[in-house]
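To keep things clear, I will list the structure first and then write my remarks on it.
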Amino acid sequence: MKAQLKHSLKKERALFFRRYHFLGMVLAIFGFAIADPLMLKALDSMREMATQMQAPTQTAQIAATSDSLAGVGGLEGVMSMFQSAAFVFSYTLVQFASYSLLIIMLVIRSAAGGEQKKRAMIVPLCSGLQNKNYLVPKFVIYPIAMFVLTFLGGLTAGGLCNALFKLDRVSFGMVAFGALIMAVYMTFIVTVYLSLGICSSRPGLMVGAVYLGQAFLQYFLDARGLSDYQPFTLISAAGSIFTAGEDFDLSQKLPSIYTAMGLCVVIGVLMFFLALGVLNAKRIDNTEENKPAF
């Protein structure tokens with residue numbers, strides 16, 4: 001049994017690196033961690049250049065527009081968001097849970113049940129490979145890689161935001177806390193995706209189901225006032241606590257955040273046992289589909 005697990009880990013590690021799964025995850029996370037702050041900084045620089053080139057009459061028009069926007073803090077208040085390190089950092093973290101997550105799920109489809117459709121499991125299963133030894137490497141390598149890369153990506157985004165933007169800089173402790181929040185959430189979603197993809201043997205379909213499902217569930221729960229003490233609390237926390245005012249008391253939000261993290265871990269473990277139970281209950285159909293010509 002130990003030999004099976006050892007060879008399964010070796011095989012999954014080779015798949016992780018040779019099939020560009022690792023590279024795809026790195027590019028999906030660090031691409032947005034670097035590109036989003038740079039893009040918003042470029043937009044802010046363009047805005048400053050355009051403002052400096054305004055004629056006096058246009059300046060008066062801008063002032064009038066600012067007065068009309070007094071209800072939302074004025075035009076300068078709106079534009080100052082794009083000079084805020086906290087706002088850009090929060091925006092970048094939320095991007096992880098949208099575009100980065102979608103790219104990662106598309107990249108790791110073969111590990112999330114895709115190999116079953118390609119009949120890559122015929123020889124291992126015929127040789128006595130146990131489902132537990134088949135699943136453990138997947139639920140070790142991919143969640144750990146997801147957690148580490150997202151955490152490092154969050155630190156990178158926070159450091160870049162503080163370097164590029166002069167307003168509302170985020171302390172290192174809060175940057176690390178935000179990176180931790182998003183790392184736990186991303187690991188949770190990837191674990192759910194691995195389990196559902198393996199259970200259904202349809203990882204492509206599960207990409208859409210998980211991606212749209214998380215958005216729908218978050219909206220559904222928030223609309224009913226159930227935004228706390230559940231996994232999607234982590235997204236709303238990443239999108240709000242860094243842009244809150246100085247009077248914001250983080251200690252009041254911590255019980256909900258820690259509960260959400262705990263639920264993510266518990267659900268992730270349950271998803272492993274769900275996949276194990278489904279594989280034990282069914283037999284993967286590796287028979288040839290093509291019928292003979294005669």
Side-chain angles (χ1 to χ4, degrees), residues 16-17 20-44 81-105 107-108 140-191 193 214 231-246 248 250-251 253-254 256-265 268:
F16 182 60
F17 288 103
Y20 305 107
H21 291 180
F22 174 73
L23 180 60
M25 293 173 71
V26 169
L27 293 177
I29 293 173
F30 285 90
F32 286 100
I34 296 173
D36 283 343
L38 291 177
M39 178 187 68
L40 292 178
K41 180 60 178 179
L43 290 175
D44 182 60
M81 292 190 303
F82 296 99
Q83 300 175 331
S84 169
F87 172 80
V88 178
F89 179 56
S90 177
Y91 172 81
T92 305
L93 289 181
V94 174
Q95 290 289 82
F96 286 168
S98 55
Y99 298 111
S100 294
L101 183 60
L102 177 61
I103 294 171
I104 289 169
M105 289 192 294
V107 167
I108 65 172
V140 170
I141 292 176
Y142 288 93
I144 289 178
M146 189 77 264
F147 181 88
V148 172
L149 292 176
T150 304
F151 183 75
L152 294 178
L155 293 181
T156 301
L160 191 58
C161 290
N162 284 333
L164 293 176
F165 301 93
K166 57 186 178 181
L167 298 179
D168 303 325
R169 287 192 171 97
V170 186
S171 66
F172 177 78
M174 288 300 292
V175 168
F177 185 63
L180 176 64
I181 288 175
M182 195 49 58
V184 172
Y185 179 78
M186 294 280 281
T187 303
F188 162 69
I189 295 296
V190 165
T191 304
Y193 170 65
Q214 65 153 354
F232 303 107
T233 299
L234 301 180
I235 299 181
S236 59
S240 62
I241 62 177
F242 302 102
T243 55
E246 296 180 356
F248 178 76
L250 179 61
S251 61
K253 195 73 174 178
L254 287 179
S256 176
I257 293 175
Y258 290 147
T259 300
M261 289 182 176
L263 285 174
C264 287
V265 174

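Remember, predicted model here, so these are calculated numbers, not experimental data.
Not a single donor-acceptor pair under 3.5 Å links the side chain of Ser256 to the backbone N or O of Lys253. In this structure a side-chain-to-backbone donor-acceptor pair under 3.5 Å is missing from Thr233 to Ile257. Looking only at distances, a side-chain donor or acceptor of Ser98 sits under 3.5 Å from a matching main-chain atom of Gln95.
Within the 4.5 Å cutoff, the side chain of Phe96 has heavy atoms near those of the Ile29 side chain. Considering only heavy atoms from C-beta on, Thr150 stays 4.5 Å or farther from Thr187 through its side chain. A 4.5 Å side-chain heavy-atom check between Leu164 and Val88 finds every atom pair outside the cut-off. Between Leu93 and Ile181, every side-chain heavy-atom pair lies at or beyond the 4.5 Å cut-off.
Screening Met261, Met182, Met186 for a side chain to side chain contact (heavy atoms under 4.5 Å, CB included) with Leu234, the sole residue that qualifies is Met261.
Put simply, CD1 on Ile144 and CG on Leu149 are 11.5 Å apart, with the number rounded to the nearest 0.5 Å. Atoms OG1 and CZ, on Thr156 and Phe32 in that order, are 15.0 Å from each other to the nearest 0.5 Å. Tyr193 OH to Ile104 CD1: the interatomic distance, rounded to the nearest 0.5 Å, is 11.5 Å. Rounding to the nearest 0.5 Å gives a distance of 14.5 Å between CZ of Arg169 and CZ of Phe89. Interatomic distance, Leu38 CG to Thr92 OG1, rounded to the nearest 0.5 Å: 9.5 Å. From Leu101, atom CG reaches atom CE of Met25 across 10.0 Å, with rounding to the nearest 0.5 Å.
Across every non-hydrogen atom of Pro37 and Ala157, the tightest pair is CG-O, 4.5 Å. The two residues Ala28 and Ser100 make their nearest non-hydrogen contact at O-OG, 2.7 Å. For the pair Phe177 and Leu254, the tightest heavy-atom approach, listed with the atom from each and the gap, is CZ-CD2, 3.6 Å. Shortest non-hydrogen contact noted between Ala179 and Phe151 is CB-O, 3.5 Å. Gly154 approaches Val175 most closely through the heavy-atom pair O-CG1, 4.0 Å. Shortest non-hydrogen contact noted between Ala86 and Val170 is CA-CG2, 3.6 Å.
Between Tyr142 and Phe16, the ring centre distance stays below 6.0 Å.
Atom CZ of Phe17 has more than 12 neighbouring heavy atoms from other residues, nucleotides or ligands inside a 6.0 Å radius.
Ring-plane geometry between Phe188 and Tyr185 is classed as tilted, the angle between the planes lying from 30 to 60 degrees on a 0 to 90 degree scale.
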